[in-house]
Amino acid sequence: MKKLVTILALVMLFVSSFAGLNVSHASTNDQGINEKLGLPIVVYGEALSDSQKSEVADLLKVDQHDQVDEFTVNGQDLANYIGGNPNSNMYSSVKILHKDNGAGLTIDIVTPDNITQVTKEMYSNALLTAGVENAEVLVASSVKVSGHSALTGIYKAYDAKGVKLDEERMQVASEELDVATSIAEEEGVDKDKISKLLTEIKKAIAEQDPATREEVEQIVEEQLQALNIELSPEDRQRLTDLFERMRNLNIDFDQVRNQLDDLTGSIQDLVNDEGFWNNLKSAVQNFFRSLSNFISSLFN
């Protein structure tokens with residue numbers, strides 16, 4: 001019995017040592033109604049059942065707020081905002097909290113296991129392209145989805161509140177998300193690396209202000225080389241087409257340069273964290289190996 005107590009104590013000590021490691025989501029604590037910025041906005045996917053909608057509301061911590069503006073997004077909205085299939089089932093849901101100018105844009109995917117293709121950095125990049133700034137955005141789904149339709153919910157929320165986003169910029173942002181996810185999936189490039197590529201291209205465009213398609217193509221090639229990313233000629237062409245379209249829309253990325261810098265930093269932090277998790281994995285393996293040896297010694 002004494003040996004069993006000793007073993008249990010060691011296990012509890014190990015578990016408690018990692019109890020402080022948890023995932024922190026963006027802060028949405030209720031501070032009453034912000035009369036300057038307005039109510040929080042929640043947009044639910046129309047395909048959600050009542051029980052799924054309730055689950056999503058819990059995930060988005062809707063009950064933290066005294067009041068919210070609620071909307072529903074459907075396939076017709078997808079067609080209206082970004083030219084998608086009007087018969088699409090919409091599951092992705094979002095909560096948006098407007099922030100003061102200069103606060104920047106933050107994205108939190110509260111159900112990362114259910115958003116299978118789009119990362120928060122991809123959302124950030126696409127939303128900056130669309131013209132969305134100074135907001136805290138939370139994305140959730142109760143079922144596994146690619147995550148593309150969350151953009152439509154965000155666009156509808158802004159539209160419903162009287163904030164008109166440029167239609168062409170919204171479509172380009174959707175195209176950007178499609179290009180990013182397809183390259184990551186088809187070419188086998190890490191999603192974070194693709195996000196960094198898009199961010200660095202935008203920063204280079206802001207710095208160099210290319211006047212021709214050839215100059216845009218040169219920027220794309222330079223950033224691919226800098227990040228050591230190998231793509232097919234077709235995908236290189238897709239990237240050039242995407243950013244040439246942005247250039248023709250006169251999207252001024254210099255206006256959001258600070259947010260692009262912040263985005264680059266956050267992506268780099270994710271890359272650097274790989275070493276931490278590898279070390280943690282090694283430490284856990286070593287602990288259990290030592291624990292196993294110790295337990296064996298007690299009974300020998």
Heavy-atom closest pair, residues [X] and [Y]:
X	Y	value
K191	A184	CG-CB, 4.0 Å
V118	G147	CG2-C, 3.9 Å
V73	S92	CG1-O, 4.4 Å
V137	L105	CG2-CD1, 4.2 Å
L177	A126	CD1-CB, 4.3 Å
Q67	P40	O-CD, 3.5 Å

Mark yes or no for whether [X], through its side chain, and [Y], through its backbone, hold a donor-acceptor pair below 3.5 Å.
X	Y	value
T111	S141	yes
Y155	E167	no
K95	V42	no
T116	V145	yes
S124	K120	yes
K144	D113	yes
N134	G102	yes
E187	S232	yes
D69	I41	no
D190	K193	yes

Side chain to side chain contact (heavy atoms under 4.5 Å, CB included) partners for N85, two or more places apart: N87, S88

Partners meeting side chain to side chain contact (heavy atoms under 4.5 Å, CB included) with E175 (sequence neighbours left out): V179, L242, R245

Stepwise side-chain contact (heavy atoms from CB on, under 4.5 Å) test for D241 and R213: CA-CA 9 Å; D241 290 343; R213 178 185 176 84; 2.6 Å; yes

Does a side chain donor of either [X] or [Y] reach within less than 3.5 Å of an acceptor in the other side chain?
X	Y	result
E121	N125	no
T129	K202	yes
H148	S174	no
T72	E46	no
K161	H98	no
D159	Y81	yes

Within residues 84-94 or reaching into it, pairs that qualify as salt bridge (Lys or Arg N to Asp or Glu O under 4.0 Å) - sequence neighbours excluded: none

Residue pairs fulfilling salt bridge (Lys or Arg N to Asp or Glu O under 4.0 Å) with at least one residue in residues 215-226, sequence neighbours excluded: E221-R236

Quick check for you: to the nearest 0.5 Å, what is the distance between [X] atom [atom1] and [Y] atom [atom2]?
X	Y	atom1	atom2	value
L239	I219	CG	CD1	12.5 Å
D77	T152	CG	OG1	7.5 Å
N250	E168	CG	CD	10.5 Å
L78	I82	CG	CD1	4.5 Å
N89	S149	CG	OG	10.0 Å
M122	T199	CE	OG1	10.5 Å

Y91/N114 under side-chain hydrogen bond (donor to acceptor under 3.5 Å, both in side chains): CA gap, chis, key distance, verdict: CA-CA 10 Å; Y91 291 96; N114 282 345; over 6 Å; no

Are side-chain heavy atoms of [X] and [Y] found at a separation under 4.5 Å?
X	Y	result
I205	F243	yes
V110	L60	yes
V132	Y158	yes
V189	L231	yes
E176	M246	yes
I201	F253	no
Y123	I154	no
E136	D108	no

Results of side chain to side chain donor-acceptor pair (under 3.5 Å) for N248 - residues two or more places apart only: none

Heavy atoms from other residues, nucleotides or ligands near CG of N228 exceed 12 (cutoff 6.0 Å): no

Full working for side-chain contact (heavy atoms from CB on, under 4.5 Å) between S146 and T181: CA-CA 9 Å; S146 66; T181 54; over 6 Å; no

Steps toward side-chain contact (heavy atoms from CB on, under 4.5 Å) verdict (H65, L97): CA-CA 11 Å; H65 310 285; L97 296 95; 3.8 Å; yes

Ion pair check, R238 and D178, cut-off under 4.0 Å: no

Partners meeting salt bridge (Lys or Arg N to Asp or Glu O under 4.0 Å) with E244 (sequence neighbours left out): R247

